[in-house]
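Single-structure report; data block below.
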Protein chains: 2
Amino acid sequence: MKALADILAELSRGGFRITRARRSMIEVLIGSRLPISAEGLLASLIKQRVPANKTTVYRELNFLKERKIVQEIQFLHERVKRYEVVFGSHHHHLICMGCKSVEDVELDGELEKYERDIMKSRGFKVLNHALEFMGLCEACR
Amino acid sequence: MKALADILAELSRGGFRITRARRSMIEVLIGSRLPISAEGLLASLIKQRVPANKTTVYRELNFLKERKIVQEIQFLHERVKRYEVVFGSHHHHLICMGCKSVEDVELDGELEKYERDIMKSRGFKVLNHALEFMGLCEACR
DNA sequence: TTGCTATTGCAACTAAGTTGCATTAATATG
DNA sequence: CATATTAATGCAACTTAGTTGCAATAGCAA
Ligand SMILES: [Mn+2]
Ligand SMILES: [Mn+2]
Ligand SMILES: [Zn+2]
Ligand SMILES: [Zn+2]
């Protein structure tokens with residue numbers, strides 16, 4: 001579980017500045033248990049009286065994405081992109097079509113088996129994948 | 001492999017009209033081996049001198065999607081949605097990051113096993129999923 | 001042929017994100 | 001601390017992808 005201080009130290013070492021907006025955005029991202037959109041992030045900052053701007057939010061999200069601090073997620077049923085802090089292990093999402101909640105799932109060892117099969121049978125080298133499950137959560141069934 | 005005539009007959013039975021634009025769009029969708037975007041579809045129609053319009057294309061794609069004649073695909077690395085005719089079996093895609101080619105893969109029986117596990121362990125009922133693999137095709141490795 | 005109404009085209013609009021540029025503010029250095 | 005350097009910011013204008021209202025057009029059943 002990557003902590004705020006670690007991320008800031010890493011950025012600082014890279015010659016990047018720790019601004020109010022940057023710190024707050026990373027805080028919000030760490031604190032949000034669902035992947036959050038740019039708009040949601042901006043709203044969250046404004047609520048905390050952190051002066052912030054749409055452009056800054058988008059630029060910062062791209063910055064953090066390039067540095068693999070956050071990952072971008074595109075839910076099939078949505079138009080906006082969402083972001084979440086990249087913790088150790090890669091995972092996927094269960095999206096409830098009832099209440100729109102999102103849960104994490106890990107099932108990666110398994111997918112790697114398919115990826116090897118795909119390599120063997122088609123010569124296609126898988127480097128990355130995106131997987132999301134849509135359905136109904138326990139409460140909504 | 002669903003043929004043009006079958007799709008048109010099905011729509012006709014439903015009380016929908018077989019217009020020039022509708023027929024041509026379905027033809028293009030059937031003929032395109034990669035999922036195609038609205039813009040690509042429009043360009044394709046114009047090249048064939050079928051009078052068509054952006055609004056019509058978007059409306060028709062939504063119409064065909066609602067009727068499960070086409071499925072909408074959102075590639076993670078793209079901003080636009082793509083569409084392909086739904087043939088019998090559900091499948092996924094291998095997207096080459098080198099040449100941008102797209103191949104189909106089927107591995108569904110397997111994913112259903114995970115979906116049952118997710119149900120058992122989390123009480124989440126999976127109704128649908130989206131999976132795509134990004135990597136390098138045989139030619140691009 | 002005609003009437004009903006599904007479909008179309010246009011222009012105007014929205015949503016999500018990007019860009020150029022002048023200004024501000026972190027932070028390294030003396 | 002003072003100051004210079006340049007990373008980061010804010011604003012307005014722009015772009016891209018898709019949507020909507022509405023009047024005109026055109027399938028198709030009778
Ligand atoms: Mn997650
Ligand atoms: Mn396909
Ligand atoms: Zn739910
Ligand atoms: Zn390739």
Side-chain angles (χ1 to χ4, degrees), chain A residues 5 7-28 35-46 48-67 69-83, chain B residues 5 7-28 35-46 48-67 69-83:
Chain A
I7 295 173
L8 295 181
E10 183 190 333
L11 289 176
S12 212
R13 253 180 281 116
F16 303 104
R17 293 170 186 180
I18 309 309
T19 64
R20 183 86 208 278
R22 174 162 291 159
R23 191 202 327 279
S24 300
M25 282 185 232
I26 298 172
E27 263 168 30
V28 170
I36 191 172
S37 66
E39 202 191 1
L41 184 45
L42 180 57
S44 191
L45 293 176
I46 287 168
Q48 295 175 41
R49 310 220 152 45
V50 176
N53 171 280
K54 180 174 121 146
T55 308
T56 303
V57 168
Y58 280 111
R59 274 199 287 236
E60 185 65 15
L61 286 171
N62 284 327
F63 172 88
L64 295 172
K65 183 175 61 164
E66 279 158 20
R67 267 143 209 95
I69 292 166
V70 304
Q71 69 178 121
E72 186 180 270
I73 298 167
Q74 173 69 252
F75 288 144
L76 187 67
H77 66 295
E78 286 190 337
R79 200 169 163 137
V80 298
K81 291 180 194 292
R82 292 179 173 267
Y83 300 83
Chain B
I7 294 174
L8 294 181
E10 181 190 335
L11 290 176
S12 211
R13 253 180 282 114
F16 303 105
R17 295 170 184 178
I18 309 308
T19 63
R20 183 87 207 279
R22 175 162 290 158
R23 192 203 325 278
S24 301
M25 281 185 232
I26 299 172
E27 262 168 29
V28 170
I36 191 171
S37 66
E39 202 191 1
L41 184 45
L42 180 56
S44 190
L45 293 175
I46 286 169
Q48 295 176 40
R49 310 221 152 44
V50 176
N53 170 280
K54 179 175 121 145
T55 307
T56 302
V57 168
Y58 279 111
R59 274 198 288 236
E60 184 65 15
L61 286 171
N62 284 327
F63 172 88
L64 295 172
K65 182 174 64 163
E66 280 158 19
R67 267 145 209 93
I69 293 167
V70 302
Q71 69 178 119
E72 186 179 271
I73 298 167
Q74 172 74 59
F75 290 143
L76 188 68
H77 66 295
E78 286 190 338
R79 203 166 159 143
V80 299
K81 291 179 194 295
R82 292 180 173 266
Y83 299 84

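Proteins get letters first, then strands, A, B, ... in listed order; numbering begins at 1 in each.
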State which of [options] makes the closest approach to the side chain of [X].
X: A:Lys54; options: D:dG10, C:dG17, D:dT19; result: C:dG17
X: B:Arg79; options: D:dT20, C:dA16, D:dG18; result: C:dA16
X: B:Thr55; options: D:dT9, C:dG9, C:dA16; result: C:dG9

Could you tell me how far apart [X] ([atom1]) and [N] ([atom2]) are, to the nearest whole angstrom?
X: B:Leu42; N: D:dT19; atom1: CG; atom2: P; result: 15 Å
X: A:Leu61; N: D:dT9; atom1: CG; atom2: P; result: 11 Å
X: A:Glu66; N: D:dA8; atom1: CD; atom2: C1'; result: 14 Å
X: B:Ile26; N: C:dT7; atom1: CD1; atom2: P; result: 11 Å
X: A:Arg22; N: C:dA25; atom1: CZ; atom2: P; result: 16 Å
X: B:Met25; N: C:dG9; atom1: CE; atom2: C1'; result: 12 Å
X: B:Glu78; N: D:dG18; atom1: CD; atom2: P; result: 10 Å
X: A:Leu8; N: C:dT27; atom1: CG; atom2: C1'; result: 15 Å

| request: May I ask you to say what A:Arg59 touches in the nucleic acid, namely base, sugar-phosphate or nothing, with a heavy-atom cut-off under 4.0 Å? | output: base

Answer whether the closest heavy-atom distance between the side chains of [X] and [Y] falls below 4.5 Å.
X: B:Leu11; Y: B:Arg67; result: yes
X: B:Val28; Y: B:Gln48; result: yes
X: B:Val57; Y: B:Glu60; result: no

| field | Donor-acceptor under 3.5 Å (B:Arg20 side chain, B:Pro51 main chain) | value | no

| message | Strictly below 4.0 Å: does A:Asn53 bring a side-chain N or O up to OP1 or OP2 of D:dA8? | response | no

| query | Does the side chain of A:Tyr58 get closer than 4.0 angstrom to OP1 or OP2 of C:dG17 through an N or O atom? | reply | yes

| said: For the CG atom of B:Leu8 and the CZ atom of B:Arg22, what is their distance to the nearest 0.5 Å? | reply: 9.0 Å

| request: Answer yes or no: are there more than 12 heavy-atom neighbours, outside B:Glu78 itself, under 6.0 Å from its atom CD? | output: yes

| Does anything in residues 9-20 of chain A reach DNA chain C, meaning a heavy atom under 4.0 Å, and if so which residues? | A:Arg17, A:Ile18

| message | Check whether B:Phe63 forms a cation-pi arrangement with B:Arg59 (NZ or CZ under 6.0 Å from the six-membered ring centre, at most 45° off the ring normal). | response | no

